[in-house]
Amino acid sequence: VQLQASGGGLVQAGGSLRLSCAASGRTFSMHHMGWFRQVPGKEREFVAAISRGGGRTTYADSIQGRFTISRDNNQNTMYLQMNSLKPEDTAVYYCAAKRGISTAPLVRTWEDMDYWGKGTQVTVSS
């Protein structure tokens, strides 16, 4: 699976952005997906994850209630709708995929993901 994140940009605090992650290949629906983010000098951190069919999601506490993860398996695309953005959300955002059975627990650690895309920069100004 090859992944490409897009949709980042510069936005004022309180604004919104929607990130997209386009996947190549015909096995997208066999992968659980996730978003992670990283700022220079810090570890890559978990943001959100979604199951293969989209029925299960999990979020980091720091973005709970502000971000929504979703996916469209017909379009081989995953999304991250980010609302009420804060300056501390500034980071490079990465999408990742983990192949697994439909009932597998959602992965929240980037080291355990199988595939990574190049990131997209999100900058939130105060």
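Residues Arg108 and Thr58 bring a donor and an acceptor atom of their side chains to less than 3.5 Å of each other.
Both Val124 and Leu17 are assigned to one and the same hydrophobic cluster, defined by single-linkage of ILVMFWY side chains at heavy-atom distances under 4.5 Å. Note on Met33 and Met30: separate hydrophobic clusters, where clusters join Ile, Leu, Val, Met, Phe, Trp and Tyr whose side-chain heavy atoms are under 4.5 Å apart, directly or indirectly. Residue Val107 is not grouped with residue Ile50 when hydrophobic side chains (ILVMFWY) are merged at heavy-atom distances under 4.5 angstrom, including chains of intermediate members.
Using a 4.5 Å heavy-atom threshold, the side chains of Tyr94 and Met113 count as separate. Contact annotation: the side chain of Gln121 approaches that of Thr90 to within less than 4.5 Å [non-hydrogen atoms, C-beta and beyond]. A 4.5 Å side-chain heavy-atom check between Ser62 and Arg37 finds at least one atom pair inside the cut-off. No side-chain heavy atom of Met82 sits less than 4.5 Å from a side-chain heavy atom of Val11.
Atoms CG and CZ, on Leu106 and Arg52 in that order, are 11.5 Å from each other to the nearest 0.5 Å.
Between the side chain of Asn76 and the main chain of Phe28, no donor-acceptor pair closer than 3.5 Å is present. Judged purely by atom type and a 3.5 angstrom limit, Tyr93 has no side-chain atom pairing as donor or acceptor with the backbone of Gly7. In terms of modelled atom types and a separation under 3.5 Å, the side chain of Asp72 and the main chain of Tyr79 share no donor-acceptor contact. Checking side-chain atoms of Arg71 against main-chain N and O of Ser51 turns up a donor-acceptor pair under 3.5 Å.
Looking at every heavy atom in both residues, Gly119 comes nearest to Val92 through CA-CG1, 3.7 Å. In plain terms, the two heavy atoms of Ser84 and Asp89 that are nearest each other are O-OD2, 4.4 Å.
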Derivation of the side chain to side chain contact (heavy atoms under 4.5 Å, CB included) call for Phe67 and Leu85: CA-CA 9 Å; Phe67 293 8; Leu85 282 161; 3.8 Å; yes
